[in-house]
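The first residue of the sequence shown is numbered 1, and numbering continues consecutively from there. Atoms considered below: every heavy atom in the structure, side chains included; atoms not considered: hydrogens, waters and symmetry mates. A quick note: this is a predicted structure, and the numbers were derived from the prediction, not measured.
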Amino acid sequence: MKSRSWRGRAGFPAIALLVCVLGCAGPSRGTIRYEVSISHPELHLFHVTMTIPEVSGEVTVEIPAWNALYQIRDFSSHIQQVEAFRGIAKAPIEKVDKQTWRVAGVGTITVRYVTYWDEVGPFATQLNGEHAFINPAMILFYVPTRRAEDVHVAMPDVPGPWRVASAVPIVEESTGGARSFTLDANSYDALADAPIEVGRFQDFELQGVSPRIGVVIHGDRWRKKHVEEALKKICEYEIKLMDGAPFEHYTFILHIGKGGGAGGMEHANSAAIGIPSDEYLSGVAAHEFFHLWNVKRIRPATLEPVNFTKEQYTRALWFAEGVTSTYGAYTLVRSGIWNKERFYEDLGEQISELEARPANHWQSAEQSSLDVWLEKYPLYNGPEDSVSYYTKGQVLGDLLDILIRDRTDNRKSLDDVLRGLNTDFARQGKTYRDSLDVRLEAEKVAGGSFEEFFQNYVAAAEPLPYQQILGLAGLEMRTTEHKRAVLGFSAERESGGTVTVREVDDGSPAARAGLRLGDVIVNWNDGDVPQSLEPWVRERQPGETVKVRIRREERERTLEFRLGEKKELLYQVAEDSRAGEKARRIREGLLHGVTEARAVD
């Protein structure tokens, strides 16, 4: 969720909704129906008709304030022309607040409105001449007291060459030049958790994988063999690791080469992924597919029931997202997509990133999780102000795994903790109590207390004992000083594609050249502005010249400045040639997903 790396370091993937709503009020009283018209996709307008049966006196409808990202994004700001009807007669409708309308009437009530969307990426909704990608919670009203009722969506005028794909059941009917599709789900939340792709996509199923896994691709710059092989290795490994799949059919929706950085959004039976090319696929897919268990089924109690109207606070994202990143890396090395040197390099990168942020000395993994709702503010994301629960959680996952293996002589591992949580909570339909139940499960597996580890390194921000714990796995940490290029400012790409300067470092070459807060960057080195400036600057050297065209108060000017320089300490993880026999066994266990009691090939 920023220029979005798959780890979500700049406000990343928020947790999506469960298929079932826990604690939803009221029995099922009927089916709530939607008709979504996209007859003129080039206008970016969805025309929505919502039909609500069995209304007694009045009904309240709402549009979520957030979905897919832990950010209050106020989807109501996209909505216009809201009307209500009983039969053909208009019904009284009153807007109560920014996301709520109240309609008076009895019987069947119809609400009609228009909503504008043209935002790229798996965390948004887009309608244009190429395709439609829909996160349903961003365009569809719901009745707060009737979220558990069946829902039916009709798309009556899909352009002739286009098709529809989603994790929920779809029925197609051809009518003249247009094509009609219907989708059915057993609740609003199930529908909200099933993004919809509409367009001239290509699709196929992974061969030899059970249960069925489908792949839907909108875009270019991808190779079918590469995509198939990567996804097959990832899915087969993770399904075996977790003792079976929790789905009957799963769908990857991939947007490749369509802008918006690299990132993914997990759903109960699907994932939506946006990447610049298929080279980025493995890292994103390994993370998102593991969310099938960790987050979508192994779920913190603090995230249930889902509240669409306001922030929903949890201390568990270090585990729900960060440890999912631990398993993303484990999957890549254990399935053979990475070699062990790449795994060590990645772990070193996570430690380097964590230690480069002064906030690591005071912001704990739990507090980082709790503060996720601040990530939409550029200031919060600065190194002085926050650490990523993704990064800290991933490192904590590796360290906890090593400790469990060491205490049990490599007979047990973090894998057993995840499988235990899956058995004790997910398969029982239970949620877990944030860090507490994670600790208790780890203690059950290892046969001893982890209270000090969780108190010092999860709840508090004590310095992580890298050398001590890595040594238990026959690994050592080395440090080198490195000089890297820096821009001297930060910028954010708005939903419409505009790149706006959000912060300028005092005394930087960019500041001396005249760059100011609020400037809009319209041209970069006589070309398009990079989709993400962070990866761009990582590939440059200090002192290189940058020429930008900026717009300020409706006037444009060109600025030139040199990239600045920053010294940083890099951490590298390597094998210790002096490691003892036990440590070597633990190291092999980490790399291959094995213990003395179990192997996962």
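The shortest heavy-atom contact between Asp437 and Leu421 is O-CD2, 4.1 Å. Between Val520 and Thr498, the shortest heavy-atom contact is CG1-CG2, 3.3 Å. Considering all non-hydrogen atoms of both residues, Thr595 and Lys412 come closest at CG2-C, 3.9 Å. The minimum heavy-atom distance between Val417 and Ala442, with the atom names listed, is CG2-CA, 3.8 Å. Of all non-hydrogen atoms in Ala245 and Ile239, the two that sit nearest each other are N-CG2, 3.8 Å. Closest approach of Ser388 to Ser368, counting heavy atoms only: C-OG, 3.7 Å.
At a cut-off of 3.5 Å, with distance as the only test, no side-chain donor of His287 or Thr324 sits close to an acceptor on the other residue. Side chains of His226 and Glu279: a donor-acceptor N/O pair is absent below 3.5 angstrom, by distance only. Side chain to side chain, Glu238 and Thr331 meet the donor-acceptor criterion of an N or O pair below 3.5 Å. In this model, a donor atom of one side chain and an acceptor atom of the other lie less than 3.5 Å apart for Asp346 and Gln394. For the 3.5 Å distance criterion, the side chains of Glu462 and Tyr457 fail to qualify, holding no donor opposite an acceptor. Residues Asn410 and Arg405 bring a donor and an acceptor atom of their side chains to less than 3.5 Å of each other. In this structure, a donor-acceptor pair under 3.5 Å is present between the side chains of Lys392 and Asn360. Of the N and O atoms on the side chains of Asp434 and Thr302, at least one donor lies less than 3.5 Å from an acceptor on the other residue. With hydrogens and angles left out, the side-chain atoms of Glu355 and Tyr466 include a donor and acceptor closer than 3.5 Å.
A cation-pi arrangement is present between Arg407 and Phe450, with the terminal nitrogen or guanidinium carbon under 6.0 Å from the aromatic centre and inside a 45° cone about the axis. A cation-pi arrangement, defined by a distance under 6.0 Å to the six-membered ring centre and an angle within 45 degrees of its axis, is present between Arg540 and Trp536. Both cation-pi conditions hold for Arg342 and Trp338: the charged atom is under 6.0 angstrom from the six-membered ring centre and inside a 45 degree cone around its axis.
With ring centers used as reference points, His255 lies under 6.0 Å from Phe133.
From Leu396, atom CG reaches atom CD1 of Ile469 across 9.0 Å, with rounding to the nearest 0.5 Å. Between the CD1 atom in Ile351 and the CG atom in Leu569 there is a gap of 11.5 Å [rounded to 0.5 Å]. Considering CZ of Phe489 and OG of Ser508, their distance stands at 8.5 Å, rounded to 0.5 Å. A distance of 9.0 Å separates CD of Glu544 from CG of Asn525, quoted to the nearest 0.5 Å. In this structure, His267 NE2 and Ile253 CD1 are separated by 7.5 Å, a value rounded to the nearest 0.5 Å. To the nearest 0.5 Å, atoms OG (Ser435) and CH2 (Trp318) are separated by 5.0 Å.
Checked for salt-bridge contact, Lys225 and Glu228 miss the test: no charged N lies under 4.0 Å from a carboxylate O. Salt-bridge annotation for Lys340 and Glu575: present, with a side-chain N of the basic residue lying under 4.0 Å from a carboxylate O of the acidic one. Between Glu565 and Arg484, no side-chain nitrogen of the basic residue sits less than 4.0 Å from a carboxylate oxygen of the acidic one, so the salt-bridge criterion is not met. Asp424 has a carboxylate O that lies under 4.0 Å from a charged side-chain N of Lys444, or vice versa, which qualifies the two as a salt bridge.
A donor-acceptor pair under 3.5 Å links the side-chain atoms of Asn135 to the main chain of Pro122, judged by distance alone. Of the possible polar contacts, one joining the Arg493 side chain to the Pro530 backbone as a donor-acceptor pair under 3.5 Å is found. A distance-only check finds no donor-acceptor pair linking the side chain of Asp278 to the backbone of Leu281 [under 3.5 Å]. A donor-acceptor contact shorter than 3.5 Å links the side chain of Asn294 to the backbone of Phe319. A donor-acceptor pair under 3.5 Å is formed between the side chain of Ser364 and the backbone N or O of Gln367. The closest donor-acceptor contact from the side chain of Ser369 to the backbone of Ala365 lies under 3.5 Å. Side-chain N or O atoms of Arg419 include one that pairs as donor or acceptor with a backbone N or O of Leu241 at under 3.5 Å. With hydrogens and angles disregarded, a donor-acceptor distance shorter than 3.5 Å links the side chain of Lys582 to the backbone of Asp406. Judged by distance alone, the side chain of Arg299 and the main-chain N or O of Val295 form a donor-acceptor pair under 3.5 Å. Checking side-chain atoms of Thr423 against main-chain N and O of Gly420 turns up no donor-acceptor pair under 3.5 Å.
The number of heavy atoms from other shown groups lying within 6.0 Å of CD (Glu581) is above 12. In Asp506, the CG atom is not crowded: 12 or fewer heavy atoms of neighbouring residues, nucleotides or ligands sit closer than 6.0 Å. For Gln467, the CD atom is densely surrounded, since the number of other residues' heavy atoms within 6.0 Å is greater than 12. Atom CZ of Arg315 has 12 or fewer heavy atoms from other residues, nucleotides or ligands within 6.0 Å. The environment of CZ in Arg223 is crowded: more than 12 heavy-atom neighbours from other residues, nucleotides or ligands sit within 6.0 Å.
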Apply the test side-chain hydrogen bond (donor to acceptor under 3.5 Å, both in side chains) to residues Glu492 and Thr500: give CA-CA distance (whole Å), side-chain angles for both, the deciding distance (0.1 Å), then the verdict. CA-CA 5 Å; Glu492 183 175 8; Thr500 304; over 6 Å; no
Test Asp576 against Leu470 for side-chain contact (heavy atoms from CB on, under 4.5 Å), laying out the working first. CA-CA 10 Å; Asp576 183 356; Leu470 290 174; over 6 Å; no
Given Arg516 and Asp519, is the salt bridge (Lys or Arg N to Asp or Glu O under 4.0 Å) satisfied, shown in steps? CA-CA 6 Å; Arg516 296 181 187 173; Asp519 286 347; over 6 Å; no
Could you please spell out the steps behind the side-chain hydrogen bond (donor to acceptor under 3.5 Å, both in side chains) verdict for Glu366 and Tyr389? CA-CA 8 Å; Glu366 288 190 336; Tyr389 51 84; over 6 Å; no
Kindly determine whether Glu476 and Arg478 satisfy salt bridge (Lys or Arg N to Asp or Glu O under 4.0 Å), including the steps that lead there. CA-CA 7 Å; Glu476 60 182 6; Arg478 305 165 184 169; 2.7 Å; yes
Would Val499 and Trp524 satisfy side-chain contact (heavy atoms from CB on, under 4.5 Å), going step by step from the backbone distance to the final call? CA-CA 11 Å; Val499 179; Trp524 188 273; over 6 Å; no
Assess the residue pair Arg334 and Asp415 against the criterion (salt bridge (Lys or Arg N to Asp or Glu O under 4.0 Å)); give the C-alpha distance rounded to whole Å, side-chain angles, the decisive distance to 0.1 Å, and a yes or no. CA-CA 13 Å; Arg334 294 171 181 178; Asp415 301 352; 3.3 Å; yes
Assess the residue pair Lys240 and Glu236 against the criterion (salt bridge (Lys or Arg N to Asp or Glu O under 4.0 Å)); give the C-alpha distance rounded to whole Å, side-chain angles, the decisive distance to 0.1 Å, and a yes or no. CA-CA 6 Å; Lys240 187 169 185 178; Glu236 287 183 334; over 6 Å; no
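Relative ring orientation between Phe289 and Phe247 is described as perpendicular, the plane-to-plane angle rising above 60° on a 0-90° scale split at 30° and 60°.
Leu418 places none of its side-chain heavy atoms less than 4.5 Å from the side chain of Trp293. Within the 4.5 Å cutoff, no side-chain heavy atoms of Glu588 are placed close to those of Arg584.
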